[in-house]
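The structure appears below as structure tokens.
The analysis underlying the following values was restricted to heavy atoms, covering all of them including side chains, and did not include hydrogens, waters or symmetry mates. Here is how names work: the chains are called A, B, and so on, in the same order as the sequence lines, proteins then strands, and each is numbered from 1.
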Amino acid sequence: MSSFELLSKFLQKKIWDMKWSNFTVIQEKAIPAILQTNNDIVLSAGTASGKTEAAFLPILTGVEDIADQALKVMYISPLKALINNQFERINQLCEYMNIEIHRWHGDVSQSKKQKFIKNPTGILQITPESIESLFINKPGVLPTLFKELEFVVIDEIHSFIDKERGVQLRSLLSRIEEFTKVRPRIIGLSATIGNFKVVKEWINLKHPENVSIIEDKSSDKQLLYSLMYFETEEDNNKPVELFEDMRDLTKEQKSIIFCNSRGSVEETTVFLNRLAKKNGAGETYYPHHSSIDKKEREYVEKIMSETKEPKSVVATSSLELGIDIGNVDLVVQLDSTYTVSSLKQRLGRSGRERDAEQMLQLYGTGKDSLLQSLAVMELVLDKWIEPAEGYAVPYNILFHQVISICAEKNGVTLKKLLELIENNDIFHSLNLSKAELLIHHMIQNDILEKLSGKGEIIVGLEGERILRSKEFYSVFLTNEEYEVVEGTRKIGRIDKTPFIFEGDNVILSGRLWTIIFLDTERNKAYVNKAVNGKPPKYLGDGGKIHKKIGKKMMEILCSDDNFEYCDGKARAALAELRRPYHLYGIDTTDRVMWKEKGNTYFLETFSSTQIATTIFWMLKIAGANPKGKDLLGRIKFEYDGSLTKLYNDLKNFTWDEKDLLEEKKKKEDFHSKYAEFIPQELKDELHIKHELDLKGTIEYLHQYQWKLIGL
DNA sequence: GACCTGCTGCGGGTTG
């Protein structure tokens, strides 16, 4: 039977109506996989390959008889905007069937939510945080709500797996299984995903062999790409020629220009609009990032998806996931992304029309950024992608879920609580005695309260304070911000840093403002229009790069490859970078220590961020004085003794992660929303697992030799 | 050198 014939009569009719002449590859494969097996499934294919329909056509066929009587399908999205985008798409498929589709997220009115709760049927589209809110605020309805649930569709599943948010979501799904007649099947959707082992275990820990991965590699479109170099001037300003080139390139093409920071988005937008104005064009470039007011962002998304003009949006990773902005001809990336998967996701935003090519213009504005751009691009061409790793030792999220469970159950014995933790797939691998330690710590600090009598545990007074805040529903950390307003009009937000003052001029939402009054109590910044300004400073985290990117950079430095897609200036800059490596006959298995002057050295680790961090603190304990470390993993340090001895100490010493951590903690803490509430021992373990890599570092030290070169 | 994501209930005012 063909895939088409497997579908219900109503959906066949709908497909005729929509005048589809054929299914995409992923749809052709997904239909029998969903209808003729009971497996969990990951659908992995490029953007615009019709993954949503690939999942929903067979799912709707499977549930249509009973979907008017109970909730059968839950669609989970990382973004509210994606829920709204997909609502129409799924609703359209349901036209001839009696299946209702309900949206549930923070912007949906209480009355709509009440209506759904009274008669929960069909399909529910929801965010992880809103599922959390169901457990906290409506525990009574959960057993009837989820009883008949058969399918859980997780969109952009890669955006969850390695994150705190993924631990929360997986925990909530395990908790839902308590109420369902059968374990619901999980269908994950993603464009970019690596390391299927971890993905399979995340989806189905008990039977990872029952997770089928369905890939369509042919949906990778033909790619046209080039890399240009514009050296940043001494005053640290980006050269005018860079923006002129960008303007030229985007004059006749609809584009997305990706920048790595919100400040850079603002600066680039203003510059490009100034150049466009000089050409007599109207407003052509629109900024898009998380600190621009939501209404303004939605306006930009609307303009971009409706316009036929060559307009461009300048964005951060805010436009990386599938928000609809119509077809785009060209993707521009200003300086390198931190990950290969991010670049891959971004270039997937062009050539959305079938058979159209993807076009990518990379710009490097400094030698380091050029090297990293090349390394990341080469890894895209090698078809490599960062493997999913999961989120290690999630005691912080366990803390959160223990409060949530106690609130949901309104009191639970210690024995039962430990049982729930052990049977929760995402916490299953944690040592149960550590979980018990955490619970006792929570009782001691009034987060939980142990009732006398049956010994039930409920949420304590301090726990109530955390639980009853609107912040509780999400597990990720956010910065404190000022809301920027002009009179009564919201412009956006700037981070609340000590470096911001009344009288400062800032660029926000592509326009210039003077701050006239800072209300530090209400966190509001009142502004007037200005004629000049600088991009605002936002507080960031600092990125992490995978060791494969470091390794690739070293390979590029040691090779002679001229990379056809580089322009002359990029090649000249690359030649300059390579000169010392060629001069000293350095090989890819070497790692160089450049002697700067006297007792000061530069060690180029060219590996992962975690390995560079580990070596940094090893140097400190071994008696050297490390001064600083950059993102390419160059460590500057002072040392008076013999470097051979230092090297051998690092390599042969029996290192203990705890010693390294004690040194590191004197300077840096572990940042996570609930880290401050968990026992020190558990917090240290989290810190070690996420920021250091001792095993990897020892391997690394045995794999590469240090080469000392005195300049 | 960083980016992104999410949430409720209630009091008070405004609009249909």
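To the nearest 0.5 Å, atom CG of residue L173(A) and atom CD1 of residue I426(A) are 9.5 Å apart. Distance CD1/I123(A) to CD/Q125(A): 7.5 Å, rounded to 0.5 Å.
Using a 4.0 Å heavy-atom criterion, one finds that G543(A) contacts the bases of the nucleic acid, with or without backbone contacts as well. Contacts of L134(A) with the nucleic acid, taken as non-hydrogen atoms under 4.0 Å apart, are absent. At the heavy-atom level, L631(A) lies under 4.0 Å from base atoms of the strands shown. Nucleic acid contact class of Q372(A) (heavy atoms, under 4.0 Å, all strands): base.
Q401(A) and E408(A) share no side-chain donor-acceptor pair at under 3.5 Å. Side-chain atoms of D335(A) and N260(A) include no donor-acceptor pair closer than 3.5 Å.
Using a 4.0 Å cut-off between charged nitrogen and carboxylate oxygen, K544(A) and E691(A) count as a salt-bridge pair.
Of all nucleotides in DNA chain B having an atom under 4.0 Å from a heavy atom of chain A, the first and last in 5' to 3' order are dG1(B) to dG9(B).
Of the residues in residues 465-476 of chain A, those lying under 4.0 Å from DNA chain B by heavy-atom distance are K470(A), E471(A), Y473(A), S474(A), F476(A).
Taking for each of D368(A) and L477(A) the nucleotide of DNA chain B with the nearest heavy atom, the 5'-most of the two is the partner of D368(A).
Below 30°, between 30° and 60°, or above 60°: for F243(A) and F271(A) the angle between ring planes is below 30°, a parallel geometry.
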Would you give me the side-chain donor-acceptor pairs under 3.5 Å for residues 290-300 of chain A, sequence neighbours excluded?
unit_1, atom_1, unit_2, atom_2, d
S291(A), OG, R262(A), NH1, 2.9
D293(A), OD2, K295(A), N, 3.3
K294(A), NZ, D107(A), OD2, 2.6

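In this structure, the side chains of N195(A) and V199(A) stay at 4.5 Å or more apart for every pair of heavy atoms.
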